[in-house]
Colleague: 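Let me begin by handing over the structure; questions about it come next.
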Amino acid sequence: MACLLCPGRRRRRPKKAIPYEWIYPPPRPQQQPPIPRHPQSQSPLFGKLPVELRLEVFRLALDCSPIPVHTKGLPRFVGLQNLGVGGPQVTAVCEARLLSLLMTCSRAYAEALPVLYSVNTFSMGSSDTVSLLAAASYASWIRRLEFVSLSGMPPISVQRPDEGWIERRLNRRFFQGEEFCRAAWLKTWEDMRKLEGLRWLHVKVRALGSWAEAWRKHEMEVLMPLRGLLKDEAYGKLTVNWDRPAAQGTAAEDILKEWVIERLE
């Protein structure tokens, strides 16, 4: 008996998901200063100068604030950002002036590495960078941080409409994007709370274009995750580019009383 074969449409093989640990590595135990392999007693720096003077030398040599950092590629890593022709580029470790002192010997690396992270202000503008810093082994050494956010629509919780399936399919991509931005915004401040040694924090939020009015309207909902972020009398400053909301009790000055609020025109 003859059979009529109707070739069906080939189903595409589902793409393999990127492993989560490639994007966000698991938190590492807090690092202790590495043990030097050689005492370097023949060196005048380590043989004659006391520890207090050596740390002061390292502080003067490594203080180069602010240091912009960013994430790039998969698996993600944190690199120095060199703003030059052609956009941001990752600076090679052997060519970075900040790290040249640490590469001289193991004892200089052991003594100067905590100084590098504690005296400098690190500037970043993405949630991925904050997540990687919070998971790094040197997170407890970071003392000063600057976070810059350039955003359009404010990351607020949006309720999906209950219309028919056609409307839901048309609006699915829009609502998924809004939910992702809201989750990334909340995760940024959740990861920043893991930086237990943070003593100075400057948050700059700039609404692009005409979105400033929307940020002003939802200021309390958007900035509520910053509440309780400062620990042990740490200094915090918030800079925004919109006016204070008219309604009483909905401004950042009402919910972030321990912060210094700066409003730019």
Colleague: For the side chain of Glu219 and the backbone of Arg244, is there at least one donor-acceptor N/O pair under 3.5 Å apart?
Modeller: no
Colleague: Which distance, rounded to the nearest 0.5 Å, do you find between the OG of Ser149 and the CG of Leu208?
Modeller: 8.5 Å
Colleague: Looking at Leu102 and Tyr109, what are the two nearest heavy atoms and their distance?
Modeller: O-CB, 3.3 Å
Colleague: Find the distance between CG (Leu45) and OG1 (Thr104) and round it off to the nearest 0.5 Å.
Modeller: 8.0 Å
Colleague: Do Trp189 and Val203 have side chains that approach each other closer than 4.5 Å (heavy atoms only, starting at C-beta)?
Modeller: yes
Colleague: Anything under 30° is parallel, anything over 60° is perpendicular, the rest tilted; go ahead and classify Tyr117 against Tyr138.
Modeller: parallel
Colleague: Please check: side-chain N/O of Arg182 versus main-chain N/O of Ile156, any donor-acceptor pairing under 3.5 Å?
Modeller: no
Colleague: Counting C-beta onward and ignoring hydrogens, is there a side-chain heavy-atom pair between Glu253 and Arg263 closer than 4.5 Å?
Modeller: yes
Colleague: Decide whether Val260 and Trp200 are clustered together by the hydrophobic rule: side chain heavy atoms of Ile, Leu, Val, Met, Phe, Trp, Tyr closer than 4.5 Å, transitively.
Modeller: yes
Colleague: So which heavy atom on Val222 is nearest to which on Trp185, and how close?
Modeller: O-NE1, 3.0 Å
Colleague: Out of curiosity, Arg54 CZ to Arg107 CZ, how far, rounded to the nearest 0.5 Å?
Modeller: 4.5 Å
Colleague: Count I, L, V, M, F, W, Y as connected when their side-chain heavy atoms are under 4.5 Å apart, and connections chain through other members. Are Leu62 and Leu53 then in the same cluster?
Modeller: yes
Colleague: Can you list, pair by pair, the side-chain donor-acceptor contacts under 3.5 Å of residues 227-240, counting residues two or more places apart and other chains?
Modeller:
| residue | atom | partner | partner atom | Å |
| --- | --- | --- | --- | --- |
| Lys231 | NZ | Arg193 | O | 3.0 |
| Lys237 | NZ | Glu262 | OE1 | 3.2 |
| Thr239 | OG1 | His202 | NE2 | 2.8 |
| Thr239 | OG1 | Glu262 | OE1 | 3.1 |

Colleague: Spell out, as yes or no, whether a donor-acceptor pair under 3.5 Å connects the side chain of Asn120 to the backbone of Leu116.
Modeller: yes
Colleague: With a 4.5 Å limit on heavy-atom distance, are the side chains of Ser140 and Glu196 in contact?
Modeller: no
Colleague: Hydrophobic clustering (ILVMFWY, side-chain heavy atoms < 4.5 Å, transitive) - are Val51 and Leu60 grouped together?
Modeller: no
Colleague: Calculate, to the nearest 0.5 Å, the distance between atoms NE2 and CH2 belonging to His218 and Trp211 respectively.
Modeller: 9.5 Å
Colleague: Looking only at heavy atoms, what is the nearest atom pair of Trp215 and Ala207, with distance?
Modeller: CD1-CB, 3.5 Å
Colleague: Would you give the length of the straight line joining atom OG of Ser118 to atom CZ of Arg59, rounded to the nearest 0.5 angstrom?
Modeller: 10.0 Å
Colleague: Is it true that Lys187 and Glu190 make a salt bridge, defined as a side-chain N closer than 4.0 Å to a carboxylate O?
Modeller: no
Colleague: State yes or no: do Met220 and Met153 share one hydrophobic cluster built from I, L, V, M, F, W and Y residues joined by side-chain heavy-atom distances below 4.5 Å, directly or via other members?
Modeller: yes
Colleague: Which atoms form the tightest heavy-atom contact between Cys105 and Phe46, and what is the distance?
Modeller: SG-CE1, 4.0 Å
Colleague: For the CD1 atom of Ile261 and the CD1 atom of Ile255, what is their distance to the nearest 0.5 Å?
Modeller: 8.5 Å
Colleague: Ignoring hydrogens, what is the shortest heavy-atom contact between Ile142 and Leu133? Give both atom names and the distance.
Modeller: CD1-CD2, 4.2 Å
Colleague: Going by heavy atoms in the side chains, are Ser127 and Val130 under 4.5 Å from each other?
Modeller: no
Colleague: Would you say that Phe122 contacts Thr129 through its side chain, given a criterion of any heavy-atom pair below 4.5 Å between the two side chains?
Modeller: no
Colleague: Quick one, Val119 and Phe58 - any side-chain contact, counting heavy atoms below 4.5 Å?
Modeller: no
Colleague: Restricting to non-hydrogen atoms, name the atom on Pro225 and the atom on Leu186 that form the minimum distance, rounded to 0.1 Å.
Modeller: CG-CD2, 3.5 Å
Colleague: If you count the non-hydrogen atoms of other residues, nucleotides and ligands that lie under 6.0 Å from CZ in Arg206, is the total more than 12?
Modeller: no
